[in-house]
Amino acid sequence: MGVLAGRTALVTGASRGIGRGIAERLGRDGARVAVHYGRNEAAAKETVAAIEEAGGSAFAIGVELGSPGDTEALWEEFDRHADGVDILVNNAGIGVSRPIEEIDEEEYDRVFAVNVRAPFFLVRHGLARLRDGGRVINISSGLARTALMPNNMAYAMTKGALDVFSRDLSKVLGPRNITVNSVAPGIIATDNTYELLHASEKAWAQAAAYSALGRVGETADVADVVSFLASDAGRWVTGSWVDATGGSLT
């Protein structure tokens, strides 16, 4: 029996990258995992299959975030499979990496809609479904605490807002014994980073050099932190910003 046996988890943006790593880890820990995806149904089904092949239980739910009614639709899909949730991981997010002079208002609004508004209202509309003693874990970014990559300014701003949300929500949900935390990854080896960095050996080496540990992070490095916070072992950690950058901020 895993440490999360009998619990249900919802991980947004779980079809690939960090979200998939988190979903698979929570599945191995014994949770039944709702694998949310926006557009890539095939990838979400691959995540579900991976969880099931490892002996876990999972189901996929597809709703694109970033538009009015998105979070209500997501919960409606969820309700077809489960009657409550113990662990909510707000991982889904989009980025924009360009100088401020090149970012238009529509793009700015879109990144805030997905990265900030969606998590806020997913919690807001999920309060009745979230069981007492549960967990809310928001995936932030080390860029919320450093100006290392100023072209990612709008994205970093959304993660700063998410951190404030985590801090204040911990006070709201504390009486229900629900913990709320932000986990902030650094550069993680995902499909996106491979595309961006593997084009240049120098770029990959530079990304590794940001970390005090001298390597680019793996999705498991973040998933293990989330697993701890989701478990009973993380019961006394709430309202916190957890640095999972591998020492990139030192």
Side-chain angles (χ1 to χ4, degrees), residues 1-37 44 46-61 78 82 84-93 119 122-123 126 130-142 159 162-163 166 169-170 173 177-190 211 213 215-248:
M1 298 291 288
V3 295
L4 299 180
R7 302 179 199 182
T8 300
L10 166 59
V11 183
T12 65
S15 64
R16 57 188 295 193
I18 292 173
R20 176 171 180 167
I22 292 170
E24 291 185 4
R25 175 58 197 264
L26 297 183
R28 290 197 302 273
D29 287 344
R32 184 178 183 224
V33 185
V35 175
H36 163 262
Y37 67 94
E46 289 176 3
T47 303
V48 169
I51 293 170
E52 292 176 340
E53 288 170 5
S57 175
F59 57 92
I61 50 177
F78 178 89
V85 65
D86 303 281
I87 303 158
L88 171 58
V89 182
N90 284 308
N91 167 77
L122 194 62
V123 172
L130 188 59
R131 298 188 181 103
D132 291 355
R135 304 285 190 263
V136 177
I137 301 166
N138 296 317
I139 304 303
S140 178
S141 170
K159 296 304 184 178
L162 198 62
D163 294 339
S166 298
L169 187 63
S170 70
L173 297 184
N177 199 32
I178 297 170
T179 67
V180 186
N181 294 285
S182 287
V183 173
I187 299 175
I188 303 297
T190 65
S211 167
L213 300 174
R215 66 175 175 86
V216 174
E218 301 290 337
T219 58
D221 295 324
V222 182
D224 288 352
V225 176
V226 172
S227 172
F228 164 74
L229 293 172
S231 73
D232 290 341
R235 64 191 177 278
W236 198 237
V237 182
T238 193
S240 294
W241 187 86
V242 182
D243 184 342
T245 68
S248 296

Please confirm whether the backbone N or O of [Y] pairs with a side-chain atom of [X], one donor and one acceptor, at under 3.5 Å?
X	Y	value
T12	A92	yes
D224	D221	no
N177	D132	no
N181	V237	yes
D29	G2	no
T238	V180	yes
R135	S231	yes
H36	V11	no
R32	G30	no

Can you tell me how far apart [atom1] ([X]) and [atom2] ([Y]) are? Round to the nearest 0.5 Å.
X	Y	atom1	atom2	result
I51	F59	CD1	CZ	10.5 Å
L88	L122	CG	CG	5.0 Å
R215	I187	CZ	CD1	12.5 Å
D86	L26	CG	CG	11.5 Å

Write down the atom of [X], the atom of [Y], and the distance for their closest heavy-atom approach.
X	Y	result
A184	G142	CB-N, 3.8 Å
A230	I87	CB-CD1, 4.0 Å
V222	P185	CG2-CB, 3.8 Å
A82	T8	CB-CG2, 4.3 Å
V225	A244	CG2-CB, 4.4 Å
S248	T245	OG-O, 2.8 Å

Pair N138-N90, side-chain donor/acceptor within less than 3.5 Å: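 Per modelled atom types, N138 and N90 side chains form a pair under 3.5 Å.
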With sequence neighbours excluded, what pairs up with S15 under the side chain to side chain contact (heavy atoms under 4.5 Å, CB included) test?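 Once residues adjacent in sequence are excluded, the partners of S15 under the side chain to side chain contact (heavy atoms under 4.5 Å, CB included) criterion are Y37, N40, A43, A44.
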Pair V226, I139 - check side chain to side chain contact (heavy atoms under 4.5 Å, CB included), show working. CA-CA 9 Å; V226 172; I139 304 303; 4.0 Å; yes
Quick one: which residue pairs count as a side-chain hydrogen bond (donor to acceptor under 3.5 Å, both in side chains) with a foot in residues 47-59, not counting sequence neighbours?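 Residue pairs passing side-chain hydrogen bond (donor to acceptor under 3.5 Å, both in side chains), neighbours aside: none found.
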Does any pair with a residue in residues 227-239 pass salt bridge (Lys or Arg N to Asp or Glu O under 4.0 Å), and if so which ones, sequence neighbours excluded?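 Applying salt bridge (Lys or Arg N to Asp or Glu O under 4.0 Å) to every pair that reaches into residues 227-239, excluding sequence neighbours, yields R7-D232.
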Trace of the side chain to side chain contact (heavy atoms under 4.5 Å, CB included) decision for I137 with V183: CA-CA 7 Å; I137 301 166; V183 173; 3.8 Å; yes
Among S141, S140, S240, whose side chain to side chain donor-acceptor pair (under 3.5 Å) with D163 holds?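 That would be S140.
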